[in-house]
Amino acid sequence: MPSINIKCQDCGETFFFTEKDQKFYQEKGFPLPKRCYSCRQAKRNKYLNNKKEEK
């Protein structure tokens with residue numbers, strides 16, 4: 001299973017998805033990521049901030 005490049009659906013940048021990461025995702029049953037690390041972090045932070053505001 002070679003490493004692959006994936007285009008982020010949010011920012012459009014191409015990110016590297018290593019063989020090690022692919023194995024981890026496969027073992028956990030996760031689909032391939034659609035966002036780069038930075039965009040995933042931004043989405044997660046936005047979600048967590050919205051949850052705090054709801055309380």
Taking Asn49 for its side chain and Asn45 for its backbone only, find out whether a donor-acceptor pair lies under 3.5 Å.
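The answer is yes, because a donor-acceptor pair under 3.5 Å joins these two groups.
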When you measure from the side chain of Glu27 to the backbone N and O of Gln22, does any donor-acceptor pair fall under 3.5 Å?
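No.
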To the nearest 0.5 Å, what is the distance between [atom1] on [X] and [atom2] on [Y]?
| X | Y | atom1 | atom2 | answer |
| --- | --- | --- | --- | --- |
| Arg40 | Phe15 | CZ | CZ | 6.0 Å |
| Cys39 | Gln9 | SG | CD | 9.0 Å |
| Thr14 | Ile6 | OG1 | CD1 | 10.0 Å |
| Tyr25 | Thr18 | OH | OG1 | 10.0 Å |
| Cys8 | Arg35 | SG | CZ | 7.0 Å |

I'd like to check [X] versus [Y] (side-chain heavy atoms, cut-off strictly below 4.5 Å). Are they in contact?
| X | Y | result |
| --- | --- | --- |
| Ser3 | Phe17 | no |
| Cys11 | Cys36 | yes |
| Lys23 | Glu19 | yes |

If you count the non-hydrogen atoms of other residues, nucleotides and ligands that lie under 6.0 Å from CZ in Phe16, is the total more than 12?
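Buried by this count: over 12 neighbours within 6.0 Å.
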Does atom CD (Gln41) have a neighbourhood of more than 12 heavy atoms from anything else shown, all under 6.0 Å?
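Enclosed.
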Please check if Phe30 and Ile4 belong to a single hydrophobic cluster, counting links between Ile, Leu, Val, Met, Phe, Trp and Tyr side chain heavy atoms closer than 4.5 Å.
yes
